[in-house]
Amino acid sequence: MSKRIRQHIAREYRDWEKIQQAELDKLHNASRHLWINVCAYLTISIIEYFLSILSSSQTLRADAFNNLSGIISTTLLLVGIHIAKDIDDQDIVGAPLPKLSLKHTGNDQRVQFTRFRYETIFTLTTSIIMCAIALQIIVSGVVALMDPKKHVIPEPSALLGAGIASCIMLGVWCLNKRNGHRLQNAALIAAAQDSLSDALTSIGTLISIGGALFFQISWLDGAMSILVGLFILYSGLRIFFESSLNLADYFDPEAEAQFRDVIAALPDVKHVNELKAHYSGNMVTLDAVITVNANMNVLESYHLSEHIENLMRYHFGIIDTDISFIPDEDTITKETLRRTHRNKERLLRKQGQINITKNES
């Protein structure tokens with residue numbers, strides 16, 4: 001191996017270590033912020049549930065269960081992040097993770113990309129729990145609304161619980177939104193969406209309780225609990241579809257078209273045959289098959305693939321780009337065919353010698 005090739009591989013190895021460490025730092029910061037969410041949700045749930053009993057407010061009780069779902073969902077996100085950032089332990093199925101090495105950097109990347117996807121899996125699980133709790137709230141609200149005996153006007157203490165929840169959740173939403181976009185973290189962005197819906201439901205709870213008290217409308221509390229459930233259901237379904245599409249390897253076609261145009265514009269690229277982008281947690285990877293001059297040697301194709309990878313990383317932040325090559329038929333000459341035929345014969349003879357050696361042994 002030439003000195004230049006060794007230097008390039010060593011540099012690529014160091015770059016991957018930096019990228020991995022940066023992503024792990026983001027996950028560590030995200031988990032720290034999510035613990036703040038857990039504390040906030042726990043405080044609100046206890047206050048709202050206690051005051052819902054004292055005030056006989058069904059809407060406040062629904063909001064307390066909504067915030068309880070926030071504890072469950074945030075805990076699941078923390079578990080997913082822990083799995084994604086744990087690179088020194090055994091894998092989920094018990095297989096030991098390979099150590100980073102200069103010879104196997106590509107395999108190391110693939111293993112870690114797989115672990116980053118656990119974050120998305122637990123985000124998906126979070127959305128399912130949100131939908132289940134939302135359906136329970138909606139059913140309870142409908143049953144209560146259909147029974148006139150359960151129509152009650154809540155006590156003024158319910159306003160205190162809803163007001164505290166609204167203030168805390170607005171603060172949590174601002175914190176999650178700012179840090180989610182700063183860290184480019186899917187778990188924090190999902191938590192921001194969840195906390196925004198929680199803040200709005202708490203505000204809606206506050207308004208409905210105030211309206212029921214001011215106008216003495218006994219059925220308003222039960223009706224508002226149904227709206228709270230519907231809003232939770234909408235938020236859960238939105239997170240569910242986004243996470244499931246990521247896990248199903250769906251990627252925005254318009255973004256993929258931009259990737260294709262940048263690669264196709266290179267002089268040495270005759271045509272981009274296939275192109276597919278993938279999500280691994282928050283990281284984007286890219287696989288592409290391109291047509292090139294049939295007489296291009298291995299070193300030239302290697303430099304071209306590295307150039308494409310650098311372009312994708314610079315313009316779009318794509319962490320890893322794998323390029324496969326197809327020879328352009330129009331550039332195939334008789335000399336190319338003769339050289340290919342000689343190489344094929346040499347490989348077949350070598351394979352025959354290996355088989356003979358195996359049989360003799």
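- The minimum heavy-atom distance between Gly161 and Leu60, with the atom names listed, is C-CD1, 4.1 Å.
- A continuous path of Ile, Leu, Val, Met, Phe, Trp and Tyr side chains, each step under 4.5 Å between heavy atoms, connects Leu42 with Ile53, placing both in one hydrophobic cluster.
- Side chains of Leu286 and Asp322 form no contact here, defined as non-hydrogen atoms less than 4.5 Å apart.
- For the pair Leu266/Leu311, a side-chain contact is recorded, criterion being any heavy-atom separation below 4.5 Å from C-beta on.
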Item checked: Check against side-chain contact (heavy atoms from CB on, under 4.5 Å), Ile263 and Met312 -> CA-CA 9 Å; Ile263 296 175; Met312 294 295 103; 3.9 Å; yes

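- Taking 4.5 Å as the limit, some side-chain heavy atom of Phe325 sits within range of a side-chain heavy atom of Ser305.
- The shortest side-chain heavy-atom distance between Ile332 and Asn295 does not fall under the 4.5 Å cut-off.
- In this structure a side-chain-to-backbone donor-acceptor pair under 3.5 Å is missing from Asn293 to Asp268.
- Taking OH from Tyr279 and CG from Asp252, the interatomic distance works out to 7.5 Å, rounded to the nearest 0.5 Å.
- Within the 4.5 Å cutoff, the side chain of Arg313 has no heavy atoms near those of the Thr321 side chain.
- With rounding to the nearest 0.5 Å, the separation of CD1 in Ile164 from CG in Leu160 is 4.0 Å.
- Other members of the hydrophobic cluster containing Leu175, listed by chain and number, are Ile36; membership follows side-chain contacts under 4.5 Å among ILVMFWY residues, whether direct or relayed.
- At a threshold of 4.5 Å between non-hydrogen side-chain atoms, the residues Ser202 and Glu48 count as touching.
- There is a path of hydrophobic side-chain contacts, each under 4.5 Å, that joins Leu206 to Ile46.
- Under the 4.5 Å side-chain heavy-atom criterion for ILVMFWY residues, no single connected hydrophobic cluster contains both Val289 and Met296.
- Nearest heavy atoms, Leu275 versus Glu256: CD2-O, 3.7 Å.
- Of all the heavy atoms in Ser157 and Leu51, the pair that sits closest is O-CD1, 3.7 Å.
- With a 6.0 Å radius and a threshold of 12 heavy atoms from other residues, nucleotides or ligands, Glu274 has its CD atom at or below the threshold.
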Next item on the list: Mind running side-chain contact (heavy atoms from CB on, under 4.5 Å) on Val262 and Phe316 for me, showing each step along the way?
Entry: CA-CA 10 Å; Val262 170; Phe316 305 106; 3.8 Å; yes

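- Counting all heavy atoms, side chain and backbone alike, Val284 lies closest to Ala277 at CG1-CB, 4.4 Å.
- Using a 4.5 Å cut-off on side-chain heavy atoms (C-beta onward), Thr331 and Val292 make no contact.
- In the hydrophobic clustering of this structure, Leu247 groups with Ile128; members are Ile, Leu, Val, Met, Phe, Trp, Tyr whose side-chain heavy atoms approach within less than 4.5 Å, directly or through other members.
- In this structure, the separation between CD1 on Ile226 and CG on Leu233 is 13.0 Å, given to the nearest 0.5 Å.
- To the nearest 0.5 Å, the span separating CG on Asp287 from OG1 on Thr285 amounts to 6.0 Å.
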Next item on the list: Determine, stepwise, if the pair Lys270 / Asp328 fulfils side-chain contact (heavy atoms from CB on, under 4.5 Å).
Entry: CA-CA 7 Å; Lys270 305 295 182 181; Asp328 183 12; 3.8 Å; yes

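- Under the 4.5 Å side-chain heavy-atom criterion for grouping Ile, Leu, Val, Met, Phe, Trp and Tyr, Ile290 is not connected to Val298 through any hydrophobic cluster.
- Listed here is the closest heavy atom pair of Ala134 and Gly229: CB-O, 3.3 Å.
- Between Leu54 and Phe50 the shortest side-chain heavy-atom distance falls below 4.5 Å.
- Below 30°, between 30° and 60°, or above 60°: for Phe251 and Phe259 the angle between ring planes is between 30° and 60°, a tilted geometry.
- Of all the heavy atoms in Ala162 and Ile209, the pair that sits closest is CB-CD1, 4.4 Å.
- Of the inter-residue distances, the one linking Asn297 atom CG with His303 atom NE2 reads 9.0 Å to the nearest 0.5 angstrom.
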Checklist line | side-chain contact (heavy atoms from CB on, under 4.5 Å) between Leu237 and Ser127, worked out | finding: CA-CA 7 Å; Leu237 288 174; Ser127 67; over 6 Å; no

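- With rounding to the nearest 0.5 Å, the separation of CD in Glu306 from OG in Ser301 is 10.5 Å.
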